[in-house]
Amino acid sequence: MERKHNHEQPASLKNLLFAIVINGGIVAFEMVFGLLIQSMALVSDAVHNLSDIAAMGFSYWAEKVSGRPANERKTYGYHKIEFVAAFVNSLVLSVAIAFILWEAVGRLAAPPAIPGREMLWVAMIALAGNGAATLLLRKISSRNLNMRSAWLHSFQDALFSLGVIIGATLIMLFGWNVIDPLLSIAISLFILREICRIVRQTVDSLLDAVPPGIDFIQVRSDLLSIPGVAEVSDLHVWQTGADRKLLSAHLRMTEGSSDSESIIRQAQEMLMHKYGINHTTLQILPFSAGNMEHCNHCN
């Protein structure tokens with residue numbers, strides 16, 4: 001598994017770097033033409049893309065840091081930096097979304113006149129760039145929450161560019177200036193739902209909560225089903241990275257059992273194949289240790 005991780009790391013950094021460069025070009029393009037045609041919509045989108053570049057830069061740094069080895073002080077390494085980066089990026093994106101919502105709601109009452117034709121071709125070029133960046137990040141978005149938050153920034157940019165295209169087309173055909181703020185509000189609400197989900201996952205991970213997709217009660221039941229195990233206590237399941245799930249527990253053997261090595265081997269194989277838990281710390285206690293229920297409250 002570690003070998004696979006080492007191959008994925010350069011690919012994720014390369015794709016992220018390309019996405020940053022593409023977004024930098026979009027910012028310069030939209031800013032110049034937005035000022036030339038006096039379109040605040042394009043200027044605002046350029047500023048929003050600029051905030052996304054900063055967020056992607058932070059994601060790039062986090063990916064570099066997360067690959068550092070463990071040391072005397074960071075005994076688990078720097079894997080959790082991906083959760084910190086995802087959390088910070090989500091907060092930055094929330095601020096940008098709040099600003100866009102505020103501006104969009106304010107424009108509903110008196111939508112300004114917008115040069116539809118000029119907006120259309122500028123937005124089409126911006127969509128091509130944002131679409132390319134989004135596809136690059138989509139390939140690595142399943143790697144971890146940090147990469148998913150970076151992809152979400154780019155995906156949001158592509159959606160807004162698409163919204164500008166639709167809005168510019170309707171403005172050209174029917175003069176519906178109000179469509180621009182309405183599309184902005186709809187897209188912002190969609191992105192906010194994704195932000196809430198990422199923030200919830202990152203907070204859970206930083207608090208060492210049980211990883212998504214793992215049933216804590218079922219894990220305990222599966223450990224108890226191993227021959228020779230009479231009791232499970234002090235059970236903890238958490239993760240330090242998207243591909244690094246950990247478990248620790250005390251297992252008390254049944255009366256007459258003595259093959260602790262077999263219990264550990266069966267437990268590790270079951271946890272790895274069924275739950276993807278690849279780092280376990282199991283303490284095997286003899287039957288004479290007695291009832292261990294109080295150990296669940298030791299920590």
Side-chain angles (χ1 to χ4, degrees), residues 12-61 89 92-104 106-107 111-141 147 149-173 175-188 190-191 194:
S12 66
L13 291 176
K14 183 187 298 184
N15 285 17
L16 186 54
L17 189 59
F18 284 156
I20 292 173
V21 172
I22 291 172
N23 273 271
I26 294 172
V27 167
F29 181 75
E30 284 192 319
M31 184 66 73
V32 169
F33 282 92
L35 292 173
L36 285 175
I37 66 175
Q38 297 184 345
S39 170
M40 287 306 299
L42 289 176
V43 172
S44 298
D45 194 45
V47 172
H48 176 248
N49 270 278
L50 189 61
S51 71
D52 285 349
I53 290 176
M56 291 180 188
F58 186 62
S59 292
Y60 183 87
W61 170 82
N89 281 344
V92 172
L93 189 55
S94 297
V95 173
I97 288 292
F99 173 76
I100 291 170
L101 279 173
W102 178 267
E103 287 293 315
R107 292 187 177 192
I114 301 174
R117 188 179 301 276
E118 290 81 355
M119 276 187 61
L120 178 61
W121 69 265
V122 172
M124 289 179 67
I125 295 176
L127 177 62
N130 284 323
T134 301
L135 288 175
L136 283 172
L137 295 175
R138 177 60 181 169
K139 295 177 180 179
I140 56 174
S141 63
M147 289 293 95
S149 67
W151 167 78
L152 188 59
H153 276 274
S154 185
F155 181 54
Q156 177 203 227
D157 292 336
L159 285 178
F160 273 112
S161 295
L162 180 60
V164 172
I165 290 174
I166 295 173
T169 302
L170 293 175
I171 289 169
M172 290 171 55
L173 294 176
W176 293 348
N177 290 320
V178 74
I179 198 68
D180 180 64
L182 286 176
L183 284 170
S184 295
I185 292 172
I187 294 171
S188 296
F190 171 78
I191 297 296
E194 284 294 307

- prompt: Hey, what do you get for CG (Leu136) to CD1 (Ile20), rounding to the nearest 0.5 Å?
  reply: 11.5 Å
- line: d(Ile22 CD1, Asp157 CG) to nearest 0.5 Å is 11.5 Å
field: Rounded distance (nearest 0.5 Å) linking atom CG of Leu170 with atom CD1 of Ile165
entry: 12.0 Å
message: If I take atom CD1 from residue Ile166 and atom OG from residue Ser161, how far apart are they, to the nearest 0.5 angstrom?
response: 11.0 Å
query: Near Trp121 CH2, under 6.0 Å, is it more than 12 heavy atoms from other residues, nucleotides or ligands?
result: yes
Heavy-atom closest pair, residues Ala158 and Gly131: CB-N, 4.5 Å
message: Just verifying a value: how many Å separate Leu135 CG and Asn130 CG, rounded to the nearest 0.5 Å?
response: 11.0 Å
- request: Over 60° means perpendicular and under 30° means parallel, so classify the ring planes of Trp151 and Phe155, tilted if in between.
  value: parallel
